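Below: one structure, written as structure tokens.
Note that ligands are numbered from 1 as they come in the structure, with each ligand's atoms numbered from 1 the same way. None of these values were measured; they are calculated from a predicted model.
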Amino acid sequence: MAAMVERGIVSTTGLIAHGRGEAFDYLLGEATTPEAEAAEAAAAALLSLAQRPVITVNGNAAALAARELGDLARACGAPLEVNLFHRSDRRMDLVCDFVEGETGLKVLGRDQDAVLEGIASDRARCTKEGLLSADVVLIPLEDGDRAQAMVKAGKKVISIDLNPLSRTSLAAEVAVVDEITRAVPGITAWCSRFRTRPEEARGVLAAFDNHENLGSLLQRICRGLEEGPPK
Ligand code: ATP
């Protein structure tokens, strides 16, 4: 990640956000929990059943999991849209070029011709063809303001965020609380399964309750802390 800061892909505040993620990953045992597995299945179900799914990619997501996100985009037929918190034309080009090089896919984002209502100028910028028209949006490592604005705009939001208490996780329809490099291949595998099984996808989605799942994750963290260090 430090090397990615030097290349201009990751911002310095992105590096701090990465540290927040690592802290929660320790508390979760640095492994995909049963709650995360359930959320990954529900996320894949939502993506598989969507009319116009979109996957947003910021600097951290690009640096950590560009290839995995490309595989998921192929598996669920969603375009990748680059969306930066700290935006400049130069950084936008850098991140778009990087993601296109890693995935072999053309990304949206260079020509932002729309705005998402309810947030401050630069962060509101998006594309009409992508985010603005989407019914389901996967937002890895996103900030709470933007997540809430997407929900207000009527989008079904899937987050990938290791903090079960973040505003993003709380606002999402499906919050995947797992490290991005584990979460994305997990979602991709479920998408491949649901391609020929839409009824199963509908069942998985109907059985998923985000609030309950986050509650169960918090209990898991508390139990781990009460038990003390592993022997
Ligand atoms: P809020 O959603 O309340 O605004 P925040 O201020 O922490 O939370 P950001 O810093 O923009 O929002 O979000 C980044 C989020 O991504 C953090 O919650 C962090 O825990 C999470 N995160 C960082 N690195 C990873 C990672 N590798 N995998 C999954 N999640 C990560």
Side-chain angles (χ1 to χ4, degrees), residues 1-5 9-33 35-40 42-44 55-72 80-87 91 95 98-99 102 116 118-120 122-126 131 137-153 155-188 210-211 213-214 217-218 220-221 224:
M1 289 297 270
M4 286 291 181
V5 174
I9 304 287
V10 172
S11 68
T12 45
T13 55
L15 209 54
I16 297 168
H18 184 65
R20 277 203 291 288
E22 284 184 322
F24 278 104
D25 207 18
Y26 273 118
L27 295 176
L28 290 160
E30 294 179 284
T32 300
T33 60
E35 291 82 2
E37 180 71 35
E40 284 159 24
I55 300 170
T56 68
V57 186
N58 60 18
N60 281 38
L64 292 166
R67 282 195 192 166
E68 291 87 344
L69 288 166
D71 292 342
L72 175 58
L80 299 173
E81 176 163 340
V82 173
N83 222 273
L84 302 178
F85 193 101
H86 297 287
R87 190 196 176 287
R91 190 159 170 248
V95 177
F98 177 76
V99 177
E102 292 290 310
L116 192 62
I119 37 174
D122 255 8
R123 292 159 54 204
R125 292 169 68 161
C126 63
L131 186 60
V137 193
L138 172 70
I139 53 167
L141 285 40
E142 186 56 90
D143 93 295
D145 288 346
R146 230 166 21 194
Q148 286 169 343
M150 288 180 207
V151 172
K152 263 202 192 124
K155 313 209 178 288
K156 292 200 163 141
V157 166
I158 303 162
S159 61
I160 298 176
D161 186 333
L162 277 159
N163 180 356
L165 293 167
S166 73
R167 287 174 305 142
T168 303
S169 294
L170 297 173
E173 180 108 358
V174 177
V176 177
V177 179
D178 199 4
E179 210 282 325
I180 187 169
T181 60
R182 295 192 301 264
V184 177
I187 299 170
T188 304
N210 199 49
H211 196 258
N213 200 53
L214 289 174
L217 271 161
L218 288 172
R220 180 177 294 281
I221 291 175

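Counting only heavy atoms of the protein, atom 8 (O) of ligand 1 lies nearest to Ser166 CB, 3.8 Å. Regarding atom 28 (N) of ligand 1, its nearest protein heavy-atom neighbour is Ile180 N, 3.0 Å. When hydrogens are left out, the protein atom nearest atom 13 (O) of ligand 1 is Glu142 O, 3.3 Å; that is the closest non-hydrogen contact. In this structure, atom 2 (O) of ligand 1 lies nearest to the protein heavy atom Thr168 OG1, 2.7 Å. From the protein, the heavy atom lying nearest to atom 30 (N) of ligand 1 is Leu162 N, 3.1 Å. Here the protein heavy atom with the shortest distance to atom 23 (C) of ligand 1 is Ala17 O, 3.2 Å. Taking atom 27 (N) of ligand 1 as the reference point, the nearest protein heavy-atom neighbour is Glu179 OE2, 2.6 Å. Scanning the protein heavy atoms around atom 17 (C) of ligand 1, the nearest turns out to be Asp161 OD1, 3.5 Å.
With atom 10 (O) of ligand 1 as the reference point, the heavy atom nearest to it among Arg20, His18, Gln148 is part of Arg20.
For the pair Leu15 and Ala2, the tightest heavy-atom approach, listed with the atom from each and the gap, is CD1-N, 4.3 Å.
Residue contacts with ligand 1 include Asp178, since one or more of its heavy atoms lies under 4.0 Å from the ligand.
Residue Gly144 has at least one N or O atom closer than 3.5 Å to an N or O atom of ligand 1.
With no hydrogens or angles considered, a side-chain donor-acceptor pair links Asp161 and Ser166 at under 3.5 Å.
Side-chain atoms of Arg91 come within 3.5 Å of backbone atoms of His86 as a donor-acceptor pair (strictly under, hydrogens ignored).
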